[in-house]
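Below is one structure, written out as C-alpha cells; comments come after it.
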Amino acid sequence: MLGFLQGKSNDRRFCSSFSPEKLIRLCYSRIMSTAVRTRIAPSPTGAPHVGTAYMALFNLAFARKHGGKMILRIEDTDQARSTKNSEDAILDALKWLGLEWDEGPDCGGEYGPYRQSERLEMHQAAVQRLLELGHAYRCFCTPERLDALRKEQIANKETPRYDGHCLSLSQEQIQEKMDRGEPYVIRMKVPAEGECVFLDELRGEVRIDWKQIDHQIIQKSDGFPTYHLANVVDDHAMQISHVIRGEEWISSTPKHVLLYQQLGWEPPVFAHLPLLRNPDKSKLSKRKNPTGIYYYRDAGFLPEAMLNYLGMMGYTLPDQREVFSLTELAESFEIKRMSLGGPIFDIAKLKWLNGRYFREQISPDEVVDRLMNWKANKEHFSKIMGLALPRLETLSDFFPLSGHLFQESPEYKTEDLIGKSEAAEVSRLLKIAEWELEKIKHWDREQLASVFQNMAEMEEMKLKDLLRPFFFAISGSAVSLPLFDGMALLGPDLSRVRLRIALNKLSEAGSGLSKKGLKSLEKEYRSAYGKRIG
RNA sequence: GUCCCGUUCGUCUAGCCAGGUCAGGACACCGGGUUUUCAUCCCGGCAACAGGGGUUCGAAUCCCCUACGGGACGCCA
C-alpha cells in the first residue's frame, strides 16, 4: 500500500542536483505526457463557498476537455474545525450546481480513501521518510515561544519565520524530550540560500527566495499532517497531473515543490487561478458579500445560471458567447484563456443572466416546476401555515403575511428600522446579534431563541424591545410571523444577509459603526459575550 | 513590514503570445421606440488601454521603472 513512497528509479534525479532549468523541463514534459487528473480539495470547516464551486468548475472543465478525471478530496486534517455536517453540505451544494466528480468520498474510486483523515498512515510514513532522509526535524518549541518570536520579528520588520531553534538539538536531547513526553511538531528543512523557481501554467516562471519560506510545520502535535504535506502526498498518490487552485497558494508553492523534490516525486503542473473579489476588490468574503452557495439557491437563483456566471469570471469562450452550459465550456476550454485580474463578483450581472435563463433557456412549464421545487410546495407551505394560521381570516391573508419568506430581501424604510430608539444603538444590537449568530451550530428555532433571550438579558432589555428592529430587518415590517421561526425557515444565509443589509442601511444614513466604534464594540463584546467565532 | 501575483470602460471582458483596424462585446447607467402599466424586446448614447521611460517607421500588444490593487507570511486550508 505504501509502495508509492519508494519513488520510481527514474525519479532519482530529483534527489540529487535539481536545477531550476531541469525542473522547468520536467514540468513541460509533464504537460504533454500524463493522463489528466485534476482535483478539488475543499476543507469541511464551514458553509459551502462559491469560491470552491469556482475552482471546481475550472478543474472539471479542464479535466473534461482533456479526457481526464476530476477528483474530490476532503481536506479534513484540521480535526478541531472539520465537521461531517460541513462535508455533506459541500458535496450537496456542488451537486446542486451540477458539478460532478469522477472519484470522491461519496462515489469511491481507485485511489481512495478520499478523506485525508483516512490517509493518516500514508502521511505519517512520508513524514517518517523525510525525517530519515534528514529533510525534516522535530521541533519542541512552545506556542508561546513561537508567538514571542513572531512578534519580535514583526517589530524588527522581518518576515516572520521559524528561527531554527530546534535544529541544533542533539539526538540525545531529542530522545530525552520525547521520553519525557514533551509535545512536538515536525518541520521541513528549507534551503537557507538561493531561490525556488517553478512554472505556473498561466504566469510562466515564478521565483521566490528560499529565505522567504518558513520551516513549515508538516505534522502537528496531534500527529495529523498539515495541508502542505498532506496535499503533496495525496496528489502524488492520486496521480494528480494538474493542480489548479487559487492564487492564494502561490506563495506556499515552493514548500510543495520542495516536498516533491525531497520525496523524489515528480511535481504536478501548477496553475493558479485568480480569486473572486468583493466589490471593494478584496478577496470574496462573507462579511461583504453572500458567499454561501446555499444563499443563491435559497434566494431563487438557477444552478445552471450560477455556474454559467462563474464560468464568465476570468474566462470567455472563444466566440464570446455569454450563455453557455458546463458541457459547452468544457468542450472549448483553454486554460490559457483565463485572465488573471481578480474578477469582482457582481450580483447584478448574475441576476441579469439568471433572468435570461428564465426567458430563453427553459420553458414556462419548467419554470413552474422549478418554482415548486424551490419554495412553492406543500412541505414549505405547511411549515409556514403553522405560524400563519392563527393570523388568517381569509386565504388571501397568507401571502402578504409570509411574503418575506419568499423574497431575497424585504424592503422597508431606515427610519422604521430605527423607530424610537437610537440609530447607533440599533447598529450595535444588529452587530452583536451577527456575532452571536455565528455561534449557532444548528440553525433552528430553539437556538435562535436562546441567542436573543441571552442578548436581552445581557443588554437588560425586554425581549420585545430588543426584537423590534430585527422584525424589520428580517420581515420588513414590525408586524409579522414569529421571528425565530421565520429566521429558521429562511436559513442562516438569507437571514444573515438581511441583518447585514439593515446594518448597511444604517451606515448609509450616517448612523453605522465607524471603524473605531466597531473595534471598541468588539472589545466590549468579547468581555461580555466571549470570543467571536468565524 | 517583507516577498509574490496582478492592472483595458463603474463592473465582466475581447484584442496581447505571433506590434499596424475610429480599442470590440456584455452588465449597469442615460435617452428613444414597441407594449393598456411594468418588465421583456429593439435602437442610440456615455465610458477604458494606471503613469513614465525605452525598443520600433509604428506599442494596449515587447522590455524596464514607478504607482496602485490583491494575496501570502498560523500546530487553518
Side-chain angles (χ1 to χ4, degrees), chain A residues 41-46 49 51-52 55 73-82 116 139-143 146-147 150 153-162 183-187 195-196 198 200 202-214 216-231 245-255 272-284 309-323 336-356 358-360:
Chain A
S43 173
T45 51
H49 196 278
T52 308
M55 291 304 154
R73 181 176 70 224
I74 294 294
E75 307 249 333
D76 57 350
T77 53
D78 186 340
Q79 289 294 289
R81 291 199 303 156
S82 297
Q116 277 185 333
C139 167
F140 297 86
C141 291
T142 60
L146 296 173
D147 208 42
R150 194 171 303 130
Q153 286 169 327
I154 290 169
N156 291 340
K157 299 186 173 178
E158 294 166 40
T159 304
R161 187 178 192 250
Y162 183 63
Y184 64 88
V185 300
I186 297 175
R187 291 178 182 274
E195 59 180 8
C196 175
F198 65 91
D200 180 285
L202 303 173
R203 298 155 212 266
E205 269 181 38
V206 177
R207 303 170 165 268
I208 297 175
D209 273 349
W210 285 119
K211 280 197 187 70
Q212 293 297 322
I213 310 299
D214 200 2
Q216 184 65 46
I217 292 173
I218 54 176
Q219 185 174 296
K220 304 176 239 183
S221 54
D222 65 1
F224 273 81
T226 56
Y227 169 85
H228 304 283
L229 187 278
N231 108 85
R245 61 189 354 173
E247 197 176 16
E248 55 196 326
W249 293 108
I250 291 180
S251 41
S252 40
T253 302
K255 292 169 190 170
H272 292 97
L273 267 32
L275 261 21
L276 259 19
R277 309 278 187 96
N278 296 312
D280 69 359
K281 297 199 186 254
S282 57
K283 171 165 122 173
L284 194 67
Y309 181 68
L310 289 175
M312 56 203 276
M313 300 269 81
Y315 191 73
T316 337
L317 298 221
D319 64 1
Q320 292 202 61
R321 184 170 11 153
E322 41 208 1
V323 177
K336 295 242 159 111
R337 286 185 64 85
M338 292 290 313
S339 56
L340 300 179
I344 291 169
F345 192 92
D346 178 12
I347 295 183
K349 191 157 183 178
L350 170 60
K351 282 189 181 171
W352 161 79
L353 188 65
N354 204 63
R356 269 190 79 167
F358 285 142
R359 296 191 295 275
E360 303 171 4

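A, B, ... follow the sequence lines: proteins, then strands. Residue 1 opens every chain. In this text the structure is predicted, and so the values were computed from the model without any measurement.
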Enumerate all atom pairs, one protein N or O and one N or O from nucleotides 5-7 of chain B, separated by less than 3.5 Å.
unit_1, atom_1, unit_2, atom_2, d
rC5(B), O3', Arg203(A), NH1, 3.4
rC5(B), O2', Arg203(A), NH1, 2.3
rC5(B), O2', Glu247(A), OE2, 2.9

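- Expressed to the nearest 0.5 Å, how far NZ of Lys336(A) lies from CG of Leu202(A) amounts to 8.0 Å.
- Using a 4.0 Å heavy-atom cutoff across all strands shown, Pro160(A) reaches at least one base atom of the nucleic acid.
- A heavy-atom distance below 4.5 Å is not found between the side chains of Lys255(A) and Ile218(A).
- Contact annotation for Glu322(A): backbone-only contact, meaning every heavy-atom pair under 4.0 Å involves sugar-phosphate atoms and none involves a base.
- For Ile217(A), whose side chain is taken as the heavy atoms from C-beta onward, the closest listed nucleotide among rU11(B), rA72(B), rC75(B) is rC75(B).
- In this entry the distance linking CG of Leu353(A) with P of rG25(B) reads 19 Å, nearest Å.
- Side-chain contact between Arg245(A) and His272(A): present, with at least one pair of heavy atoms (C-beta onward) separated by less than 4.5 Å.
- Between rG19(B) and rC49(B), the distance separating the two C1' atoms is 14 Å to the nearest Å.
- If you measure from atom NZ of Lys351(A) to atom P of rC29(B), you get 12 Å, rounded to the nearest angstrom.
- Between Lys336(A) atom NZ and rC16(B) atom P the separation is 15 Å, expressed in whole Å.
- Looking at Glu247(A) and Lys283(A), no side-chain N of the basic residue comes within less than 4.0 Å of a carboxylate O on the acidic one, giving no salt bridge.
- If you check rG10(B) for Watson-Crick or wobble pairing at under 3.5 angstrom, you find it paired to rC27(B).
- One finds no side-chain N or O of Arg150(A) lying less than 4.0 angstrom from the OP1 or OP2 phosphate oxygen of rC73(B).
- Which of rC27(B), rU13(B), rG71(B) sits closest to the side chain of Lys349(A) comes down to rC27(B).
- The side chain of Ile208(A) lies closest to rC4(B) when the candidates are rC4(B), rG69(B), rG25(B).
- Here the closest non-hydrogen pair linking Tyr162(A) and Cys139(A) is OH-SG, 3.3 Å.
- Between rG69(B) and Lys283(A), no contact under 4.0 Å exists linking OP1 or OP2 to a side-chain N or O.
- With P as the reference atom, rU21(B) and rG31(B) are 36 Å apart, rounded to whole Å.
- A gap of 12 Å separates the P atoms of rG15(B) and rC62(B), to the nearest Å.
- We find that Asp346(A) and Lys349(A) are not joined by a salt bridge, their nearest charged nitrogen and carboxylate oxygen being 4.0 Å or further apart.
- When each of rU40(B), rC4(B), rU2(B) is scored by its nearest atom to the side-chain atoms of Gln212(A), the top-ranked nucleotide is rU2(B).
- Between Asp209(A) and Ile344(A), the one whose closest nucleotide on RNA chain B sits nearer the 5' end is Asp209(A).
- Look at NZ on Lys255(A): it is 11 Å from P on rA77(B), rounded to the nearest Å.
- Side-chain proximity of Glu248(A) to the nucleotides rU40(B), rC27(B), rA77(B) is greatest for rA77(B).
- Using a 4.5 Å heavy-atom cutoff, the side chains of Arg203(A) and Ile250(A) are in contact.
- With RNA chain B read from its 5' end, the first of the two nearest nucleotides for Arg356(A) and Met338(A) is the one closest to Met338(A).
- rG58(B) and rA47(B) are spaced 29 Å apart, taking the P atom of each and rounding to whole Å.
- Nucleic acid contact class of Thr226(A) (heavy atoms, under 4.0 Å, all strands): sugar-phosphate only.
- Separating the P atom of rC4(B) from that of rU66(B) is a span of 12 Å, rounded to the nearest Å.
- When both distances must be under 3.5 Å, the Watson-Crick or G-U wobble mate of rU2(B) is rA72(B).
- Between Trp249(A) and Tyr227(A), the two ring planes are parallel [angle under 30°; tilted spans 30° to 60°].
- The shortest distance between the side-chain N/O atoms of Arg187(A) and the OP1/OP2 oxygens of rG74(B) is not below 4.0 Å.
- Spacing between rC65(B) and rU61(B) at atom P, rounded to whole Å, works out to 16 Å.
- At the phosphate of rA77(B), OP1 or OP2 sits under 4.0 Å from a side-chain N or O atom of Lys220(A).
- Atom P of nucleotide rU2(B) and atom CZ of Arg161(A) are separated by 17 Å, given to the nearest angstrom.
- The gap from the C1' atom of rA59(B) to that of rU8(B) amounts to 14 Å, rounded to the nearest Å.
- Residue contacts shown for Thr77(A) are limited to sugar-phosphate atoms, with no base heavy atom under 4.0 Å away.
- Of the candidate nucleotides rG74(B), rC75(B), rG25(B), rG25(B) has the atom nearest to the side chain of Gln320(A).
- rA67(B) and rC46(B) have their C1' atoms separated by 28 Å, with the value rounded to a whole Å.
- When the C1' atom of rA72(B) is taken as reference, atom CD of Gln153(A) falls 16 Å away, rounded to whole Å.
- In this structure, CZ of Arg337(A) is placed 15 Å from P of rC17(B), rounded to the nearest angstrom.
- How far CZ of Phe198(A) is from OG1 of Thr253(A): 4.0 Å, rounded to the nearest 0.5 Å.
- Here Gly246(A) lies out of heavy-atom contact (under 4.0 Å) with every strand.
- Counting only heavy atoms from C-beta on, Asp78(A) has its side chain closest to rC76(B) among rC76(B), rC4(B), rC75(B).
- Protein atom NZ of Lys211(A) is 17 Å distant from nucleotide atom C1' of rG1(B), rounded to whole Å.
- With sequence neighbours left out, the side-chain contact (heavy atoms from CB on, under 4.5 Å) criterion links Arg321(A) to Leu317(A), Asp319(A), Glu328(A).
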